Amino acid sequence: MLIENKKTSNKIGGKEVNIKFNNQKNTLFVDLNGELDHHNAKRIREKIDSEFDENGYKNISINLKGLNFMDSSGIGLIMGRYKLVNELGGRLFLTNVNFRVNKILDMSGIHKLVDIYENNEDVLKHL
Amino acid sequence: MLIENKKTSNKIGGKEVNIKFNNQKNTLFVDLNGELDHHNAKRIREKIDSEFDENGYKNISINLKGLNFMDSSGIGLIMGRYKLVNELGGRLFLTNVNFRVNKILDMSGIHKLVDIYENNEDVLKHL
Amino acid sequence: MKDNTMKLEIPSKSQNEAFARVVVASFAAQLDPTIEEIADIKTAVSEAVTNAIIHGYESKIEKIIIECNIIDNRLEIIIEDFGVGISNIQAAREPFYTSRPELERSGMGFTVMETFMDSLEICSEENKGTKIKMVKEFNKPSFEE
Amino acid sequence: MKDNTMKLEIPSKSQNEAFARVVVASFAAQLDPTIEEIADIKTAVSEAVTNAIIHGYESKIEKIIIECNIIDNRLEIIIEDFGVGISNIQAAREPFYTSRPELERSGMGFTVMETFMDSLEICSEENKGTKIKMVKEFNKPSFEE
Ligand SMILES: Nc1ncnc2c1ncn2[C@@H]1O[C@H](COP(=O)(O)OP(=O)(O)O)[C@@H](O)[C@H]1O
Ligand SMILES: Nc1ncnc2c1ncn2[C@@H]1O[C@H](COP(=O)(O)OP(=O)(O)O)[C@@H](O)[C@H]1O
């Protein structure tokens with residue numbers, strides 16, 4: 001039978017932005033998945049910031065590969081993390097920026113502030 | 001870039017029920033795809049009936065493999081085609097009946113009237 | 001905090017049957033349903049909206065209202081039309097009873113709604129309209145917020 | 001025959017941002033849009049609904065109304081709240097202008113709406129509320145009915 005009794009995991013709002021952390025060369029690597037809107041941005045911000053504060057990183061690198069929606073709340077989130085690292089002399093990296101996310105970042109001039117690379121390996125080469 | 005400018009083909013209502021016909025051993029083989037609701041049932045009924053009338057078939061075999069939604073309009077459609085072939089001494093076959101469709105057919109007692117087989121080859125064996 | 005509500009107004013055009021079921025399914029998604037539960041809900045909504053279109057309004061284009069409420073782990077769906085109404089609700093609920101056999105209606109709409117949902121209430125008054133209330137319970141405490 | 005309309009009422013809860021954009025996208029689907037057009041519409045709706053929630057109602061839970069109309073190949077989306085309103089619309093439209101920097105708002109919401117839609121109108125009155133009207137044109141005669 002084709003349809004099993006499994007969860008749709010297709011939550012609205014909840015549409016669970018999963019965050020994964022990884023530490024290399026003083027840099028907090030963050031994997032974002034799901035939808036980045038105002039509803040989810042708050043939770044993401046708090047998770048990133050507490051991880052960043054607790055473990056004394058210098059840089060943050062955000063991997064946007066799993067992001068399937070982003071509105072201008074994403075600009076706020078990225079700008080905010082840029083300020084955070086910049087005050088401490090660190091850098092903010094973005095990786096796997098897709099066409100849609102790029103369209104929104106383009107409007108904001110964020111390209112001038114953050115370093116955008118293909119993927120995590122590329123970021124590590126530049127550290 | 002990940003997102004191309006291609007059509008979503010995710011039409012509401014339109015959600016195009018495609019119909020394909022095929023003739024073997026006096027039997028009209030019909031492939032249904034998409035969503036079978038009241039909106040689409042009318043169009044499907046007309047297409048099947050005009051093909052059936054024009055080409056003098058005896059039996060109809062409906063393949064439900066591509067059907068991803070069906071409500072009680074489907075019972076009406078199947079009952080109607082059963083009456084059509086039955087009056088002429090023919091048989092109605094259903095193939096690839098999935099779990100959801102089966103749940104609805106079960107309520108209607110249709111199992112007693114039509115012959116349900118795994119797939120088209122199975123139908124051909126029983127002709 | 002999971003309580004939520006929504007109200008949708010659509011004209012009684014048959015292409016809105018699919019739209020209505022997608023909207024209710026999207027709303028229900030916050031209860032973290034199984035694929036099977038979502039399919040049940042879509043089917044029940046499709047039946048009620050179709051009835052409003054063909055029976056309630058007899059294909060005239062008028063307003064259908066769909067309201068959904070989430071209260072704890074319960075989803076209420078209310079589908080309302082202001083059409084001809086049902087004169088004999090008990091007869092209408094019977095499996096295979098249909099007033100429109102010529103449209104190849106099977107008379108199984110209410111039976112499907114009853115089978116797929118946990119409860120079904122029908123309020124109707126002739127020439128005033130019909131209001132269907134269906135409830136589905138989601139018993140798992142699976143909502144994280 | 002392709003003309004259609006819908007009206008949705010939701011409370012100003014942030015989890016309804018995702019629901020609102022799915023509903024409008026599903027409605028827009030009947031215009032046979034490209035994936036890119038659907039993404040534009042979802043983003044614009046998300047901006048306007050978010051604004052109603054955080055600016056219009058300042059996080060109180062009140063009613064947001066979303067209305068969509070399809071007229072020929074044009075989709076109109078109207079998003080309305082009955083909140084604090086905007087005192088200086090011209091300033092609000094400026095890129096990077098935000099009254100809530102402490103919430104990490106970027107001030108790019110209206111700019112996104114303008115960029116992704118074909119037109120944007122803002123009607124607002126202080127302490128009465130705000131009504132955003134956005135239009136997207138679909139120029140291909142691709143609808144078969
Ligand atoms: N919204 C409605 N307005 C008026 N009559 C209705 C409505 N819904 C149902 N009915 C009546 O109840 C009958 C049974 O409905 P249902 O079980 O859904 O079967 P069907 O739609 O196949 O006829 C219909 O044939 C119709 O006479
Ligand atoms: N619905 C609304 N009600 C009240 N004020 C609003 C509304 N929408 C926008 N505004 C005002 O316009 C400003 C600019 O909005 P926008 O460009 O979307 O940026 P942002 O949401 O990032 O602040 C907001 O900061 C707010 O002051």
Side-chain angles (χ1 to χ4, degrees), chain C residues 1-33 38 41-42 45-46 49 52-53 57 59-73 75-82 138 142-145, chain D residues 1-33 38 41-42 45-46 49 52-53 57 59-73 75-82 138 142-145:
Chain C
M1 263 323 294
K2 101 189 57 165
D3 292 4
N4 204 350
T5 183
M6 72 97 172
K7 192 172 138 186
L8 177 71
E9 276 181 39
I10 46 172
S12 56
K13 296 186 163 200
S14 65
Q15 74 254 44
N16 288 333
E17 292 158 11
F19 175 60
R21 50 183 193 259
V22 169
V23 171
V24 176
S26 306
F27 189 74
Q30 51 196 308
L31 283 159
D32 199 18
I38 283 289
I41 290 167
K42 276 189 164 181
V45 168
S46 197
V49 171
I53 293 172
Y57 292 126
S59 300
K60 285 189 298 292
I61 307 302
E62 304 282 348
K63 184 166 67 176
I64 298 173
I65 297 181
I66 300 169
E67 201 183 307
C68 294
N69 299 302
I70 291 175
I71 304 150
D72 296 323
N73 289 310
L75 173 66
E76 274 179 16
I77 306 171
I78 297 157
I79 295 175
E80 192 171 8
D81 68 64
F82 308 91
F138 296 79
S142 54
F143 196 81
E144 71 261 77
E145 200 49 67
Chain D
M1 262 318 296
K2 100 190 54 165
D3 292 5
N4 204 351
T5 183
M6 72 98 173
K7 193 171 137 186
L8 177 72
E9 276 182 39
I10 46 172
S12 56
K13 296 185 163 201
S14 64
Q15 76 254 43
N16 288 334
E17 291 158 12
F19 175 61
R21 48 185 194 259
V22 169
V23 172
V24 176
S26 305
F27 189 74
Q30 52 196 306
L31 283 158
D32 199 19
I38 282 290
I41 289 167
K42 277 188 164 182
V45 168
S46 197
V49 171
I53 292 172
Y57 292 127
S59 299
K60 287 189 298 294
I61 307 300
E62 304 282 349
K63 183 166 68 177
I64 299 173
I65 297 181
I66 300 168
E67 201 183 306
C68 295
N69 299 302
I70 292 175
I71 304 150
D72 295 324
N73 288 310
L75 173 67
E76 274 181 16
I77 306 171
I78 297 157
I79 295 175
E80 191 170 10
D81 68 64
F82 308 91
F138 296 79
S142 55
F143 196 81
E144 73 261 76
E145 199 52 68

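Letters go in sequence order (proteins before strands), and every chain restarts at 1. Since we're looking at a predicted model, the values are computed, not measured.
- In this structure D/E76 satisfies the salt bridge (Lys or Arg N to Asp or Glu O under 4.0 Å) test together with D/R74, D/K133, sequence neighbours excluded.
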Apply side-chain contact (heavy atoms from CB on, under 4.5 Å) to residues D/V23 and C/F19 and explain how you reach the verdict. CA-CA 8 Å; D/V23 172; C/F19 175 60; 3.8 Å; yes
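- Atom CG of residue C/L8 and atom NZ of residue D/K7 lie 11.0 Å apart, to the nearest 0.5 angstrom.
- Taking CD of C/E9 as the start and CE of D/M6 as the end, the distance is 11.0 Å to the nearest 0.5 Å.
- For D/T5, the side-chain hydrogen bond (donor to acceptor under 3.5 Å, both in side chains) criterion is met by D/N69, not counting sequence neighbours.
- Note that CD1 of D/I61 and CG of C/D3 are 11.5 Å apart. Values are rounded to the nearest 0.5 Å.
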